[in-house]
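Notes for the one structure printed next.
In this text the structure is predicted, and so the values were computed from the model without any measurement.
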Amino acid sequence: MTIGNLMRLLSDGEVHSGEQLGEALGVSRAAVWKQLKKLDALGVELVAVKGRGYRLAYPLEPLDGAKIVERLPASARHLLTRLFIEDQLPSSNEYVRERFAQGAGHGEVCFAELQTAGRGRRGRVWSTPWGQSLMLSLGWRFESGVNALEGLSLAVGVVVAQVLEQYGVSPKLKWPNDILLAEKGSELGKLAGILIEVTGDAAGPCEVVIGIGMNLSLPDSLRAAIDQPVAALFDAKSGISRNQLAADMVSELLDMLAGFENEGFAPWRDEWNSRHAYAGLPIRIIQGERSSDAVAREVDESGNLWVTENDHSRRLSGGEISVRRRL
């Protein structure tokens, strides 16, 4: 019995007795109880109904590979080499990197219901309970080398924002890798992050893994443990199908990647700037142990962020640079 099997049984939101769960999974009630305790430790909110059993505090929709693929347009199916749905992984990015090491990886997508060692930029941990986020990694091989990747993370951000806008949500983009969302009129919180990892020749073929982690639901206990404003999609817009959202993300990302090597970031620049969270606002630039204050301007055709600092303009390029809103 895996946690994934148990979660799929509980995903309808109905009450299930320990005996029913044990029969369905072919294990004892004691084994079911141990797995339920594990779920609780993983941040999954369970409700015990006296004399009847257990249910999830909130129904969830497990990811289903067949449902995702059948919702893809023909153009995306042509570009998709393989789709993986994993119950639990240390890191979906690492999974796709290993696929590249095995001679595969290009056009492959991996979704994980739970990551135990997921990372954001600058080594930060990305952690959400089982089935309450959308975590995917996509592998793509570029023939033109690293220079062809300028602005790729920003183009990914635009694609994610455009998909969410189809659901009536209005996200903002934070340079260089975050998608922000205001919850119920409050301040902008981090909804999703992007992590791009590159291996290969600077001037020749290189392999890219694009990782995206998006909060769909966030228990209060997890929110309290996060040291920055955060947002969850289902708080802003309920009733969204996870499998449909997954299909839309895969379709639009593949479509963008198919043209990016030839077109670069330039066609995406205006789309990014129109969603720029901090345009014209005071920001703090953090680079290692150093920080400075500036005013954010627009991004250029290479994805660099221009700022005004001490009455002079300067350009920020990717790497280990972070910007924050200065109040």
Testing the basics here: between [X] and [Y], what is the closest heavy-atom pair and its distance to 0.1 Å?
X: Gly65; Y: Leu83; value: O-CD2, 3.7 Å
X: Leu56; Y: Ser11; value: CD1-CA, 4.0 Å
X: Leu79; Y: Ala258; value: CD1-CB, 4.0 Å
X: Leu173; Y: Ala161; value: CD2-CB, 4.2 Å
X: Leu138; Y: Leu257; value: CD2-CD1, 3.4 Å
X: Leu181; Y: Ala236; value: CD2-CB, 3.8 Å

(message) So for atom CZ, which belongs to Arg77, do other residues, nucleotides or ligands contribute more than 12 heavy atoms lying within a distance under 6.0 Å?
(response)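 Buried by this count: over 12 neighbours within 6.0 Å.
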(message) Taking side chain to side chain donor-acceptor pair (under 3.5 Å) as the cut-off, I'd like each qualifying pair that reaches into residues 239-259, sequence neighbours left out, listed once.
(response) Glu61-Ser241, Glu61-Asn243, Arg71-Ser241, Glu113-Arg242, Tyr167-Asp248, Gln244-Asp248
(request) Hey, could you give me each pair passing side chain to side chain donor-acceptor pair (under 3.5 Å) that has a residue in residues 302-312? Not counting sequence neighbours. (result)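 As it turns out, the side chain to side chain donor-acceptor pair (under 3.5 Å) pairs with a partner in residues 302-312, which skip direct neighbours, are Glu150-Ser302, Ser292-Glu309, Arg297-Thr308, Asp300-Asn304, Asp300-Trp306, Glu309-Arg314.
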(request) Please list, chain by chain and in numerical order, all residues satisfying side-chain contact (heavy atoms from CB on, under 4.5 Å) with Ala155, sequence neighbours excluded. (result) Met256, Phe260, Phe265, Trp268
(message) Which residues pass the side-chain contact (heavy atoms from CB on, under 4.5 Å) test with Arg52, not counting sequence neighbours?
(response) Val15, Val49
Side-chain heavy-atom pair [X], [Y] within 4.5 angstrom cut-off:
X: Ser92; Y: Leu136; value: no
X: Pro171; Y: Val169; value: yes
X: Ser133; Y: Met214; value: no
X: Arg141; Y: Cys206; value: no
X: Leu36; Y: Leu46; value: yes
X: Leu316; Y: Val323; value: yes
X: Ile68; Y: Ile85; value: yes
X: Gln35; Y: Leu39; value: no

(message) According to salt bridge (charged side-chain N to carboxylate O under 4.0 Å, His left out), who are the partners of Arg284, at least two apart in sequence or on a separate chain?
(response) Asp293
(request) Report the residues that fulfil salt bridge (charged side-chain N to carboxylate O under 4.0 Å, His left out) with Arg82, sequence neighbours left out, ordered by chain and then residue number. (result)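 Once residues adjacent in sequence are excluded, Arg82 has no partner under the salt bridge (charged side-chain N to carboxylate O under 4.0 Å, His left out) criterion.
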Could you grab the distance from atom [atom1] of [X] to atom [atom2] of [Y], nearest 0.5 Å is fine?
X: Gln132; Y: Leu233; atom1: CD; atom2: CG; value: 13.0 Å
X: Arg29; Y: Ser17; atom1: CZ; atom2: OG; value: 7.0 Å
X: Lys174; Y: Leu305; atom1: NZ; atom2: CG; value: 10.5 Å
X: Leu180; Y: Lys190; atom1: CG; atom2: NZ; value: 9.0 Å
X: Met135; Y: Asn215; atom1: CE; atom2: CG; value: 9.5 Å
X: Arg324; Y: Ile286; atom1: CZ; atom2: CD1; value: 3.5 Å

(request) Could you give me the CA-CA distance, side-chain angles and deciding distance for Arg325 and Ile283, then say whether side-chain contact (heavy atoms from CB on, under 4.5 Å) is met? (result) CA-CA 5 Å; Arg325 175 81 164 89; Ile283 58 170; 5.5 Å; no
(request) Return the set of residues passing side-chain hydrogen bond (donor to acceptor under 3.5 Å, both in side chains) with Glu108 (not counting sequence neighbours), or none when no residue passes. (result) Arg99
(message) Checking Glu70 now: which residues fulfil side-chain hydrogen bond (donor to acceptor under 3.5 Å, both in side chains) with it, not counting sequence neighbours?
(response) none
(request) Could you please spell out the steps behind the side-chain contact (heavy atoms from CB on, under 4.5 Å) verdict for Arg55 and Leu10? (result) CA-CA 6 Å; Arg55 66 172 176 83; Leu10 292 168; 5.7 Å; no
(message) With ring pair (Phe, Tyr, Trp, His ring centres under 6.0 Å) as the rule and sequence neighbours excluded, what pairs involving residues 24-63 come up?
(response) none
(message) Quick test of your reading: applying ring pair (Phe, Tyr, Trp, His ring centres under 6.0 Å), list the pairs with at least one residue in residues 78-110, sequence neighbours left out, ordered by first then second residue.
(response)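 Sorted pair list: Phe84-Tyr95, His106-Trp140.
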(message) Enumerate the salt bridge (charged side-chain N to carboxylate O under 4.0 Å, His left out) contacts for residues 273-283, please, sequence neighbours excluded, ordered by first and then second residue.
(response) Glu165-Arg275, Glu271-Arg275
(request) Name all pairs fulfilling the salt bridge (charged side-chain N to carboxylate O under 4.0 Å, His left out) condition that reach into residues 14-28, sequence neighbours left out, sorted by first residue then second. (result)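 As it turns out, there is no salt bridge (charged side-chain N to carboxylate O under 4.0 Å, His left out) pair with a partner in residues 14-28 once direct neighbours are skipped.
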(request) Spell out, yes or no, whether Ile321 and Val295 are grouped together once hydrophobic residues are joined by side-chain heavy atoms under 4.5 Å, including indirect joins. (result)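 Cluster IDs for Ile321 and Val295 differ.
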(request) Using only heavy-atom distances, determine whether the side chains of Thr116 and Gln88 contain a donor-acceptor pair under 3.5 Å. (result)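 Checked: Thr116/Gln88 side chains show no N/O donor-acceptor pair below 3.5 Å.
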(request) Decide yes or no on side chain to side chain donor-acceptor pair (under 3.5 Å) for Ser137 and Asn93, but give the supporting numbers first. (result) CA-CA 5 Å; Ser137 295; Asn93 265 29; 2.5 Å; yes
Is there a donor-acceptor contact under 3.5 Å from the side chain of [X] to the main chain of [Y]?
X: Asn177; Y: Ile194; answer: yes
X: Trp175; Y: Gly303; answer: yes
X: His16; Y: Leu9; answer: yes

(request) Going by the side-chain contact (heavy atoms from CB on, under 4.5 Å) test, name the single residue among Leu245, Asp235, Leu60, Leu191 that passes it with Leu216. (result)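 Only one option passes, and that is Leu245.
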(message) Quick one, Ser153 with Leu195, criterion side-chain contact (heavy atoms from CB on, under 4.5 Å). Give me CA distance, side-chain angles, the key distance, then yes/no.
(response) CA-CA 8 Å; Ser153 66; Leu195 177 66; over 6 Å; no
(request) Go through the steps for Leu134 and Ile212 under the test side-chain contact (heavy atoms from CB on, under 4.5 Å), then give the verdict. (result) CA-CA 8 Å; Leu134 200 66; Ile212 300 172; over 6 Å; no
